[in-house]
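Letters A, B, ... mirror the listed sequences (proteins, then strands); counts begin at 1.
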Amino acid sequence: MEPSEKLETPVTTIREIGQHEGQTVTLRGWLYNLRESGKLLFPIFRDGSGVIQGVVAKNAVSPDLFDSIKGLTQESSVIVTGKVRADKRAPGGYEMDVTDAQVVQRVNPDDPYPISPKEHGVDFLMEHRHLWLRSPRQAAILRVRAEIIKAARDYFDDRGFTLTDPPILTPAACEGTTTLFPVDYFDEQAYLTQSGQLYIEATAMALGKVYSFGPTFRAEKSKTRRHLTEFWMVEPEVAFATLDDLMTLAEEFITFIVKRCLEKRRPELETIGRDLSQLEKIATPFPRISYDEAVQMLQEGHAKGLVENKFEWGGDFGSPDETYVSSQFDRPVMVHRYPAAIKAFYMEPDPQRPEFALCVDVLAPEGYGEIIGGSQRIGSYDLLLKRIHEHELPEDAFKWYLDLRKFGGVPHAGFGMGIERAVAWICGLEHVRETIPFPRTLHRLYP
RNA sequence: UCCUCAGUAGCUCAAUGGCAGAGCAUCCGGCUGUUAACCGGAGGGUUGUAGGUUCGAGUCCUACCUGAGGAGCCA
């Protein structure tokens, strides 16, 4: 800005307006709503940091200013100047007596802002997701999401982990092609990654403790409140770690993130309407139960009539099963040692009972289901090769992965946490589609 | 892929087989403390699509389309 253009009043944000009580300041933002009562106007402004009500009395301002505010339509962009006044009637504690306003762009009333301050259906809101993000609730969710991501990265960065980014474009199928999005890669078949795990096993052998944070793609035809086709995962991988080390890492990691959100994003969580007492219970240690114990819990639940279906030992838990098991605890529960037959090919068998895998799922409370899945990885070259054959996977594609066991194989373990499921749980949301700015689901690629 | 539900004004929803309605939004008017403000008025419709039954279909039947929730699968 040139010195000659310097504004006479300080430009501030609604978040910081309390520091300017009694002063005249300038805000830059949008009209959120306009109420009027005769010769009084109550324009409500938002600027991305908060919401504040302005007051314009007809006998206190010029006719031009009064008319230009009176003519403002919802979401018109505007630069307003006024005197900040504390008022106990105001939700944020402050109001602004407007003394000047410059309309940057007035929304045409013939084509008004589609999202009125009334109720709307999900499909309509999703069709206007690019505008829906302006609502206070959606903005608050995105701030909590950003805090969760920052907390996750801080947790690992401060504990000797190195961020290593796995590729997003990957060659031939790793765990079967049915759930992969195919991409034409210069006339060669490539796929969007469905997990960075195999690659960060390689970087873990190079750097010791690593993590990745990036997008993941699954072409599953799932239409539930827990599924997106494009979602973000944070995945740590640790050389020489065992399953027990991994479970300790997972519970400390989740507790750290929840505490950080309570510390830094309490106003946003309150805007969303989260029951904070549920989050304040989250502390280490988390309960650790084996698959066998979980199955017993489900069968007892069925006998009491609390679980609809009788669970057969050997199967994987369905969503209602996970909800029941997690409902028995007031914090996330870690279920470990599933039958190897229902788990991924790369998981280390339990040396005590080789038919079980050294793996763990972390189930969030309040019915949010699995937010973390992890395991100790196979350390032996011969066993891994055997598993690749058993799963009828192309050995050539895994040559590099086998090399990790050929050249100094060690016990190692890691997990993946789905960011959107963590955000949905911490915010107490009904659906993961509100946890990401532009969700991709089975039936939505727009906007 | 399967099960259930839904599609009527820009939005949210009503309408026993018998004239297509309301609230919000938009426009006009009123109100000096409104809190999703309120009060009065105006404009706004190919009832998802195609057939069928009927004197008459938004409503009943058939097929299809679109979407939502759930199952499976998964984080």
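Here A:F231 packs flat against the base of B:A75; its ring centre is closer than 5.5 angstrom to the base's six-membered ring, tilted by less than 30 degrees.
Considering only side-chain N and O atoms, A:R35 lies nowhere under 4.0 angstrom from the phosphate OP1 or OP2 of B:U32. Look at A:H431 and you'll find a side-chain N or O under 4.0 angstrom from OP1 or OP2 of B:G69. Considering only side-chain N and O atoms, A:S319 lies under 4.0 angstrom from the phosphate OP1 or OP2 of B:A71.
Figure legend. B:G18 is base-paired to B:C55; pairs are counted as Watson-Crick or G-U wobble with both atom distances under 3.5 Å. Across all strands shown, B:A71 pairs with B:U1; the Watson-Crick or G-U wobble distances both stay below 3.5 Å. Applying the Watson-Crick and G-U wobble criteria (two distances, each under 3.5 Å), B:G40 pairs with B:C28. The partner of B:G33, taking Watson-Crick or G-U wobble pairs whose two distances both stay under 3.5 Å, does not exist in any strand shown. The partner of B:U46 is absent, by the rule that a Watson-Crick or G-U pair needs both atom distances under 3.5 Å. The partner of B:G7, taking Watson-Crick or G-U wobble pairs whose two distances both stay under 3.5 Å, is B:C65.
In this entry the distance linking CG of A:D123 with P of B:U8 reads 11 Å, nearest Å. The distance from atom NZ of A:K221 to atom C1' of B:G72 is 14 Å, rounded to the nearest whole Å. In this structure, NZ of A:K223 is placed 8 Å from P of B:G67, rounded to the nearest angstrom. In this structure, A:E312 atom CD and B:G72 atom C1' are separated by 17 Å, rounded to whole Å. Computed from coordinates, the A:Y32 OH to B:U34 C1' distance equals 16 Å when rounded to whole Å. Taking atom OH of A:Y338 as the reference point, atom P of B:A75 lies 11 Å away to the nearest angstrom. Rounded to a whole Å, the CG atom of A:L131 is 14 Å from the P atom of B:C11. To the nearest angstrom, P of B:G70 lies 16 Å from CG of A:D321.
Relative orientation of the A:Y401 and A:F345 rings is perpendicular, given thresholds of 30° and 60° on the angle between their planes. The aromatic rings of A:F415 and A:F156 sit tilted relative to each other, their planes meeting at an angle between 30° and 60°. A:F124 and A:H128 have tilted rings, their planes meeting at an angle from 30° to 60° on a 0 to 90° scale. Classified by interplanar angle (parallel below 30°, tilted 30° to 60°, perpendicular above 60°), the ring pair A:F317/A:Y338 is perpendicular.
Set against B:U32, B:C74, B:A36, the side chain of A:N33 has B:A36 as its closest nucleotide. Nearest nucleotide to the side chain of A:S222, out of B:C74, B:G72, B:G70: B:G72. When the nucleotides B:A71, B:C31, B:G33 are ranked by their closest atom to the side chain of A:R226, B:A71 comes out on top. For A:F124, whose side chain is taken as the heavy atoms from C-beta onward, the closest listed nucleotide among B:G10, B:C31, B:G72 is B:G10.
B:U49 sits 15 Å from B:G58 when the C1' atoms are compared, rounded to a whole Å. Distance noted for atom P between B:G21 and B:G43: 13 Å (whole Å). Taking atom C1' in both B:U53 and B:C13, the straight-line distance is 29 Å, to the nearest Å. Taking atom C1' in both B:A15 and B:C74, one finds a spacing of 44 Å when rounded to whole Å. For B:U8 and B:G45, the P atoms lie 15 Å apart once the distance is rounded to whole Å. Taking atom C1' on both nucleotides, B:G70 is separated from B:G33 by 49 Å, rounded to a whole Å. One P atom belongs to B:G17, the other to B:G72, and the distance between them is 38 Å to the nearest Å. For the C1' atom pair drawn from B:G56 and B:C5, the interatomic distance equals 29 Å after rounding to whole Å.
In the interface, the side chain of A:T224 is not paired with the base of B:G69 through any donor and acceptor atom under 3.5 Å apart.
For the residue pair A:Q197 / A:E237, no side-chain donor-acceptor distance below 3.5 Å is found, with atom types taken as modelled. For the residue pair A:S375/A:R377, the side-chain donor-acceptor check at 3.5 Å is satisfied.
Among the atoms of the strands shown, only primed sugar atoms or phosphate atoms (P, OP1, OP2) are found under 4.0 Å from some heavy atom of A:G318. In this structure, A:D361 reaches neither bases nor backbone, as no heavy-atom distance under 4.0 Å exists between it and the strands shown. Residue-level contact check: A:T216 touches neither bases nor backbone, having no heavy atom under 4.0 Å from any strand. Contacts of A:E420 with the nucleic acid, taken as non-hydrogen atoms under 4.0 Å apart, are absent. Using a 4.0 Å heavy-atom cutoff across all strands shown, A:K58 reaches no nucleic acid atom at all. Nucleic acid contact class of A:R444 (heavy atoms, under 4.0 Å, all strands): none. Here A:H128 lies out of heavy-atom contact (under 4.0 Å) with every strand. Nucleic acid contact for A:L228: base, since at least one base atom lies under 4.0 Å from a heavy atom of the residue. Residue contacts for A:R137: at a heavy-atom cut-off of 4.0 Å it reaches no nucleic acid atom on any strand shown. Here A:E127 lies out of heavy-atom contact (under 4.0 Å) with every strand.
For the salt bridge (Lys or Arg N to Asp or Glu O under 4.0 Å) test with A:E147, the passing option among A:R153, A:R260, A:R266 is A:R260; the others fail.
In this structure, A:R85 and A:T441 both approach RNA chain B, and ranking their closest nucleotides by distance from the 5' end singles out A:R85. Ranked by how close their nearest RNA chain B nucleotide is to the 5' end, A:Q53 and A:H227 are led by A:Q53.
Annotation: the span from A:Q74 atom CD to A:R134 atom CZ amounts to 9.5 Å, rounded to 0.5 Å.
A cation-pi contact, defined as under 6.0 Å to the ring centre and within 45° of the axis, is absent between A:R288 and A:F286. Cation-pi geometry between A:R433 and A:F438 is not met at under 6.0 angstrom from the ring centre and within 45 degrees of the axis.
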Would you tabulate the pairs of protein nitrogen or oxygen atoms and nucleotide nitrogen or oxygen atoms of nucleotides 21-30 of chain B closer than 3.5 angstrom?
from, atom 1, to, atom 2, distance (Å)
B:U26, O2', A:P109, O, 3.4

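Counting non-hydrogen atoms of other residues, nucleotides and ligands closer than 6.0 Å to CD of A:E390 gives a total above 12.
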